[in-house]
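Structure, as structure tokens:
Fair warning: this is a prediction, and the values are worked out from it, not measured in the lab. Reminder, nothing fancy here: chain letters follow the sequence lines and each chain counts from 1. When reading the values below, keep in mind they use all heavy atoms of this one structure, side chains included, and skip hydrogens, waters and symmetry mates.
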Amino acid sequence: MRMSKLLVPTLREVPSDAEIMSHKLMLRAGYIRKLAAGIYSYLPLGLRSERKAEQIVREEMDRAGAQELLMAALLPAEVYQASGRWEVFGDNMFKLKDRNDRDFCLGPTHEELFTQTVINEVRSYKEYPLTLYQIQTKYRDEARPRFGVMRTREFVMKDAYSFDRDEKGLDESYNKMYDAYCRIFKRMGLDFTIVDADSGAMGGSGSQEFMVKSPVGEDGIAYCDACGYAANYEKAQCIPTKKEYPEGDLSLEKVETPDVHTIEELVSFFGTEPYVFAKTIIYKADDKYIAAMVRGDREINEVKLKNLVGCVDDLELAEPFMVRQLTNAEVGFAGPIGLDIDVYVDLEVAEMKNFIVGANETGYHYKNVNINRDFTPGTVADIRVIEEGDVCPKCGKPIKTAQGIEVGHIFKLGTKYSKALGLNYTDESGEPKVVIMGCYGIGVTRCIAAAIEQNYDDNGMVLPVALAPYHVIVVPVNSKEEEQMKLAEKIYDSLNEQGIEALLDDRQERAGVKFKDADLIGIPLRIVVGKKCEDGIVEYKLRTEDKAEEKTIEQAINDAVKYIKSNL
RNA sequence: CGGGAUGUAGCGCAGUUUGGUAGCGCAUCUGGUUUGGGACCAGAGGGCCGCAGGUUCGAAUCCUGUCAUCCCGACCA
């Protein structure tokens with residue numbers, strides 16, 4: 001493609017609403033343009049990159065034996081009503097009505113429709129195992145779209161669903177997808193970590209997320225370099241750490257603590273450390289109220305707590321008036337002593353001695369509290385958020401934490417949808433059985449953003465060959481010099497003939513402009529045709545390298561073809 | 001949905017405090033000089049100052065409402 005004909009509206013200045021690098025660069029490089037919050041259009045370069053990512057996913061899905069199909073994206077409400085998710089999704093689903101006032105939505109994910117399709121179309125147990133997938137635009141009315149293409153309301157997703165006769169079959173299908181995902185993200189040049197994820201209260205026997213480590217990631221992950229353990233915050237198992245507490249069986253003491261509500265305020269009031277306190281938080285769990293206690297320097301992990309409590313809705317902090325009613329005190333003075341609701345106590349709190357809690361009386365705290373003597377915990381369990389400095393639950397070495405971008409999620413669904421919708425089969429002996437399902441998602445558009453987040457420099461994107469919109473850019477330094485243009489054309493034609501996707505910068509621009517644009521849009525290899533072209537010498541520069549090499553024309557072409565093909 | 005901020009030319013911004021005919025840089029167009037890391041000179045075009053009300057002789061500027069966008073939080077199959 002000739003740059004003079006290509007729509008690449010690069011920007012010198014960054015639109016002010018872009019915050020993270022991938023967003024800024026995709027805008028500056030003319031990859032995308034925003035239409036509304038969380039809704040983007042793809043210009044030619046952006047579309048090419050997105051298509052490359054799709055193609056990698058497609059090839060690896062096919063290799064793993066999955067079959068591609070394409071479902072409708074505009075779906076009648078009944079699809080989701082049968083599973084109850086019409087209500088579960090609620091405002092997160094784009095809902096609309098047709099001219100006859102029938103309810104429809106734009107598909108946010110397709111478990112139901114795939115399940116229904118298998119019910120309708122699969123006739124014999126002999127057709128299992130079966131894995132189907134599609135690459136499709138998904139719609140979710142996110143409460144807060146953000147970070148450019150990272151979290152959007154319209155995005156391309158690959159979703160796959162496996163159907164097996166038994167758990168063993170599910171394990172095999174799941175492992176195939178796991179391997180395929182590893183290959184996909186490797187081919188995309190992503191530095192990723194696979195973490196154990198929470199599989200939710202709705203069951204399912206396992207779930208893993210593919211995370212690209214990046215400071216702009218929205219998910220916290222804990223990992224161990226020593227043994228390879230990795231889990232997201234929700235799932236990561238916490239081992240209690242030891243702290244020093246006053247020795248002996250000190251007697252309980254009520255202390256007046258006027259206007260001291262928060263842990264920070266307590267720390268300065270008592271002149272001690274946060275771990276000497278245990279905080280008591282009141283939650284609403286469905287229609288009842290519970291209390292949860294963690295050490296003062298820790299945070300409650302609401303997902304762990306929710307799974308433990310076994311409630312259906314997510315936990316919510318109790319309303320202030322309920323806190324007053326339950327504790328007989330203003331918010332900030334809750335404690336376990338004399339509290340008449342279930343108290344869930346973190347493992348670490350169970351090891352504390354002579355510690356400080358709220359007194360359930362405005363303006364007072366208890367000192368020298370001891371478990372079992374002063375109050376009896378309901379349930380003792382791991383309910384806190386893991387932190388840097390914790391020890392690895394697997395090998396005991398120090399755990400590290402990082403932020404990650406979730407690019408893929410694989411999930412053993414089990415029978416959740418097959419039971420709800422009636423996906424059964426009759427086995428060899430005539431027994432009716434329920435089909436076991438798995439689901440597997442990749443945020444294709446998000447992969448591009450993640451790749452950019454991991455690969456950029458001051459001049460722009462440094463895209464891996466596999467995702468770059470074009471492989472090579474041929475730059476005649478001065479488009480008016482006939483000799484240079486002729487040679488550049490020759491190189492350009494030769495590359496194209498050999499299957500390399502080349503750009504020719506034939507614009508009437510100064511060299512500096514061409515170099516800046518080539519760098520910005522992230523083309524992996526640049527061949528510059530300049531003054532020395534009369535001697536048959538051109539410049540060969542990888543985007544990842546600072547310096548260029550001089551090569552003969554033939555050498556440059558051969559090396560380019562070799563380099564690109566070996567990095568695809 | 002709570003908190004904060006911002007809407008002025010394609011992009012980045014000033015002007016708003018103290019009301020008086022809308023400005024700068026980049027980009028675009030024309031002519032010329034340039035040509036290896038976002039050139040220079042000269043000229044030109046481009047605006048319902050987010051939208052709607054109000055106050056005023058007069059509103060980008062003050063008041064009210066509304067919409068949109070971004071950030072923090074809640075939320076995120």
Please classify the nucleic acid contact of [X] as base, sugar-phosphate, or nothing, using heavy-atom distances under 4.0 Å.
X	answer
F147(A)	sugar-phosphate
R85(A)	sugar-phosphate
R526(A)	base
R33(A)	nothing
E539(A)	base
D91(A)	nothing
P108(A)	nothing
V14(A)	sugar-phosphate
A37(A)	sugar-phosphate

*What about H110(A) and Y80(A), are their ring centers closer than 6.0 Å?*
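So the answer is no for these two rings.
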
*According to a strict under-4.0 Å criterion, is R510(A) in side-chain N/O contact with OP1 or OP2 of rG37(B)?*
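Negative; the distance criterion is not met.
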
*R12(A) side chain near rA27(B) phosphate (N/O to OP1/OP2, under 4.0 Å)*: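 Checking R12(A) against rA27(B): at least one side-chain N or O falls below 4.0 Å of OP1 or OP2.
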
When both hydrogen-bonding distances must be under 3.5 Å and the geometry is Watson-Crick or G-U wobble, what is [N] paired with, if anything?
N	result
rA44(B)	rU28(B)
rU16(B)	none
rC49(B)	none

Looking only at side-chain atoms of [X], point me to the closest of [options].
X	options	value
R146(A)	rC11(B), rG36(B), rG73(B)	rG73(B)
N478(A)	rC72(B), rG37(B), rU35(B)	rU35(B)
E13(A)	rU69(B), rC11(B), rG36(B)	rC11(B)
N92(A)	rG36(B), rC75(B), rC71(B)	rC75(B)

*Y174(A) ring centre to K412(A) NZ or CZ under 6.0 Å, with the angle to the axis within 45°?*
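Flagged: K412(A) positioned over aromatic ring of Y174(A).
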
*Between R526(A) and F515(A), is NZ or CZ placed under 6.0 angstrom from the six-membered ring centre and within 45° of the ring axis?*
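Here R526(A) passes the 6.0 Å and 45° test against F515(A).
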
*Take atom NZ of K514(A) and atom C1' of rU35(B), then tell me their distance rounded to the nearest Å.*
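Going from K514(A) (NZ) to rU35(B) (C1'), I get 10 Å.
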
*Find the distance H23(A):NE2 to rU69(B):C1' and express it as a whole number of Å.*
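That distance rounds to 11 Å.
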
_Same-atom distance (P) from rG50(B) to rA22(B), integer angstrom_ =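 The same atom, P, in both gives a distance of 14 Å.
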
_Suppose you measure atom C1' in rG20(B) against the same atom in rU64(B); what distance do you get, rounded to whole Å?_
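One C1' to the other, the span is 24 Å.
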
*Under 4.5 Å between any side-chain heavy atoms of K416(A) and S83(A), yes or no?*
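Of all side-chain heavy-atom pairs linking S83(A) with K416(A), none is under 4.5 Å.
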
*Under 3.5 Å, is there an N or O donor on one side and an acceptor on the other linking the side chain of K34(A) and the base of rU69(B)?*
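Answer is no: no donor-acceptor pair is held.
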
*Between the side chains of Y283(A) and E302(A), does any donor sit under 3.5 Å from an acceptor?*
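A donor-acceptor contact under 3.5 Å links the two side chains.
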
